[in-house]
Protein chains: 2
Amino acid sequence: MTRRKIQIKKIESTTARQVTFSKRRRGLFKKALELSTLCDSELALIVFSSTGKLFDYASSSVLQVIERQNLQSNTLDKMDQPSLELQLENSTYTLLSNDIMEKTRELRQMKGEELQGLNIEELQKLEQLLQDGLRCVVNAKDKRFVEDISSLERKGAELMEDNQILKRQVENQSNNITHVIEQGQSSESLTNICSSADPPQGQDSDTSLKLGLPFPNWL
Amino acid sequence: MTRRKIQIKKIESTTARQVTFSKRRRGLFKKALELSTLCDSELALIVFSSTGKLFDYASSSVLQVIERQNLQSNTLDKMDQPSLELQLENSTYTLLSNDIMEKTRELRQMKGEELQGLNIEELQKLEQLLQDGLRCVVNAKDKRFVEDISSLERKGAELMEDNQILKRQVENQSNNITHVIEQGQSSESLTNICSSADPPQGQDSDTSLKLGLPFPNWL
DNA sequence: ACACCTATCTATAAACG
DNA sequence: TCGTTTATAGATAGGTG
């Protein structure tokens, strides 16, 4: 748009992002107002800043009232029945907004941003909170590692066991077949039957490969 | 905005209004997308054309849910004014509630609670986040320590300087008094005056104690 | 954080197909 | 009702105070 063209992706610098947010937000709201005016269309726009602050605009009259009520707290006692309802809703709305702002600030501070307003005591408290959280997360992670590993080992053991059983079944079958063949079949038929039902031991078949692995190969 | 400047008021010609609506709507949505991308902010935009058609955009999944709600109830019945307003109000409300729930969960997880639903990858991500945050906080704390210490050292130096000046003033005064006394006072008066205005050097007065400390004792 | 500046980029009014 | 063009108004990135 101006001195230089910029890429449309998240602006990394916090200050630059805030400046841009402020400018573009105003631009966007102006455009929204123009569209609703020029084309007589109803329109609502709700924007949260990265700090959790809420901005909104709505062309419809009732929402404008609500919006105004939010900006400058009360002076609407003079209105009749609907105003009471609006006030109730509005207070909930304001409470929610405040809660969001508070939680957003707390989250940002836990991520190490927006720390300039804190004194040493508050910073130490935050550090302690982070260390406690980190300890819990690392514990949970390690526990999960152990669980996943033992679960995989169990599965591996089961597979190996199955493998053994299958191997024995295959050996039994091939013995039976060999026995049957030895009792009366021709040598040409022997070759055919053996290659399809009992491949040579030195060469891994697809089946024995899958069953023989201690861990599944999709890990 | 171009071949000619236009007034921002309702366009009377229906066709011109529709053309402008279509162009400006697209422009507005593009700007909204850019803002949410550049500044990483959550954002919802809902536009009704004068023919009642609904267009909307929302940057986050939470908003998309609300958007869908609006879309569905819009297609169900043609909608008259009050229902539009109600929907928009509900949207804002729902949006706020969901946002709070999400942020609350994130906070609890950063504090090491409610981790049972996370897999190893998510836990590692969380651990990284906490370590980054912790690093920033520790840096900020150390910086603040250094600042506070140098500020105190500066204050201490200033106090020592003031102390020196005051000491010189006291010495000058006592010299003058001694001089005056030597010029005509009796020896009994000399003792009285000296003990009140100029105590012996080897014994710390309250004043010199306060001024002589490198750091204030309220630390 | 805010207002202002200005060079540059973008959006778009009007026109045409 | 569209898309395309084009000249121009508007928006804004980066800078300064």
Side-chain angles (χ1 to χ4, degrees), chain A residues 1-41 43 45-57 59 70-72 97-98 100-102 104-109 111-119, chain B residues 1-41 43 45-57 59 136 140 143-144 147:
Chain A
M1 328 223 159
T2 150
R3 289 296 177 102
R4 262 173 46 200
K5 182 172 178 174
I6 57 162
Q7 299 301 314
I8 303 299
K9 59 173 187 175
K10 181 176 174 181
I11 298 172
E12 291 306 329
S13 156
T14 307
T15 55
R17 190 167 65 241
Q18 282 172 347
V19 170
T20 295
F21 177 76
S22 173
K23 287 181 175 182
R24 279 178 173 265
R25 177 176 47 77
R26 248 173 295 173
L28 185 64
F29 277 75
K30 187 182 175 199
K31 289 271 179 198
L33 173 63
E34 287 182 356
L35 178 61
S36 74
T37 308
L38 285 169
C39 305
D40 194 33
S41 64
L43 171 165
L45 177 56
I46 303 168
V47 179
F48 284 95
S49 75
S50 57
T51 63
K53 204 168 171 183
L54 173 71
F55 303 88
D56 58 7
Y57 163 73
S59 63
N70 279 324
L71 289 180
Q72 35 180 303
S97 295
N98 289 343
I100 283 181
M101 280 176 64
E102 205 175 303
T104 304
R105 189 184 45 74
E106 201 180 342
L107 268 174
R108 288 172 61 83
Q109 287 181 341
K111 289 174 184 169
E113 304 165 36
E114 222 177 293
L115 299 174
Q116 63 284 356
L118 303 181
N119 63 31
Chain B
M1 326 278 171
T2 152
R3 289 296 178 102
R4 260 176 43 202
K5 181 172 178 173
I6 57 163
Q7 300 300 315
I8 303 300
K9 59 174 189 177
K10 181 173 174 180
I11 297 170
E12 292 305 331
S13 155
T14 306
T15 56
R17 189 166 66 241
Q18 281 173 346
V19 170
T20 295
F21 177 77
S22 163
K23 287 182 176 181
R24 278 179 173 263
R25 179 175 47 75
R26 245 173 295 171
L28 185 65
F29 277 72
K30 187 181 175 200
K31 289 268 178 204
L33 173 62
E34 289 182 354
L35 178 62
S36 74
T37 307
L38 286 170
C39 305
D40 194 32
S41 62
L43 175 161
L45 176 56
I46 304 168
V47 180
F48 288 92
S49 75
S50 54
T51 61
K53 200 169 174 187
L54 174 71
F55 304 87
D56 54 12
Y57 164 73
S59 64
C136 290
K143 201 176 144 203
R144 176 57 64 92
E147 283 170 3

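Convention: sequence-line order gives letters A, B, ...; per-chain numbering from 1. The analysis underlying the following values was restricted to heavy atoms, covering all of them including side chains, and did not include hydrogens, waters or symmetry mates.
- For dA7(D), the OP1/OP2 oxygens have no side-chain nitrogen or oxygen of R4(B) closer than 4.0 Å.
- Under the side-chain hydrogen bond (donor to acceptor under 3.5 Å, both in side chains) criterion, T14(B) pairs with no residue, sequence neighbours left out.
- Considering only residues two or more places apart in sequence or on other chains, T15(B) meets the side chain to side chain contact (heavy atoms under 4.5 Å, CB included) condition with S13(B).
- Considering only residues two or more places apart in sequence or on other chains, R105(A) meets the side chain to side chain contact (heavy atoms under 4.5 Å, CB included) condition with E102(A), Q109(A), E114(A).
- Counting only heavy atoms from C-beta outward, the side chains of I11(B) and F21(B) never approach each other to under 4.5 Å.
- Take E113(A) and apply the side-chain hydrogen bond (donor to acceptor under 3.5 Å, both in side chains) test, not counting sequence neighbours, and it matches R108(A).
- Here T20(A) reaches the OP1 or OP2 of dA13(D): one of its side-chain N or O atoms lies under 4.0 Å away.
- A distance of 7.5 Å separates CD in E12(B) from NZ in K9(B), rounded to the nearest 0.5 Å.
- Under the rule for a side chain to side chain contact (heavy atoms under 4.5 Å, CB included), the partners of D40(A) that lie at least two apart in sequence or sit in another chain are K10(B).
- Per the geometry, CZ belonging to F21(A) stands 13 Å off P belonging to dT12(D), to the nearest Å.
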Scan nucleotides 5-7 of chain C against the protein and return all N/O pairs shorter than 3.5 Å with their distances rounded to 0.1 Å.
{"from": "dT6(C)", "atom 1": "O2", "to": "R3(A)", "atom 2": "NE", "distance (Å)": "3.1"}
{"from": "dT6(C)", "atom 1": "O2", "to": "R3(A)", "atom 2": "NH2", "distance (Å)": "3.1"}
{"from": "dA7(C)", "atom 1": "O4'", "to": "R3(A)", "atom 2": "NE", "distance (Å)": "3.4"}
{"from": "dA7(C)", "atom 1": "N3", "to": "T2(A)", "atom 2": "OG1", "distance (Å)": "3.4"}

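- Taken residue by residue, residues 25-40 of chain B places heavy atoms nearer than 4.0 Å to DNA chain D at K31(B).
- Residue K5(A) contributes atom NZ, which lies 17 Å from atom C1' of dG14(D) at whole-angstrom precision.
- Straight-line distance from the CD1 atom of I6(B) to the P atom of dA15(C): 13 Å, rounded to whole Å.
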All N/O donor-acceptor pairs, side-chain side in residues 25-38 of chain B, below 3.5 Å, sequence neighbours left out:
{"from": "R26(B)", "atom 1": "NH2", "to": "S22(B)", "atom 2": "OG", "distance (Å)": "3.0"}
{"from": "E34(B)", "atom 1": "OE1", "to": "R24(A)", "atom 2": "NH1", "distance (Å)": "2.8"}
{"from": "S36(B)", "atom 1": "OG", "to": "L33(B)", "atom 2": "O", "distance (Å)": "3.0"}
{"from": "S36(B)", "atom 1": "OG", "to": "Y57(B)", "atom 2": "OH", "distance (Å)": "3.0"}
{"from": "T37(B)", "atom 1": "OG1", "to": "L33(B)", "atom 2": "O", "distance (Å)": "2.7"}

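- Nucleotide dG14(D) holds its P atom 14 Å from the CD atom of E12(A), rounded to whole Å.
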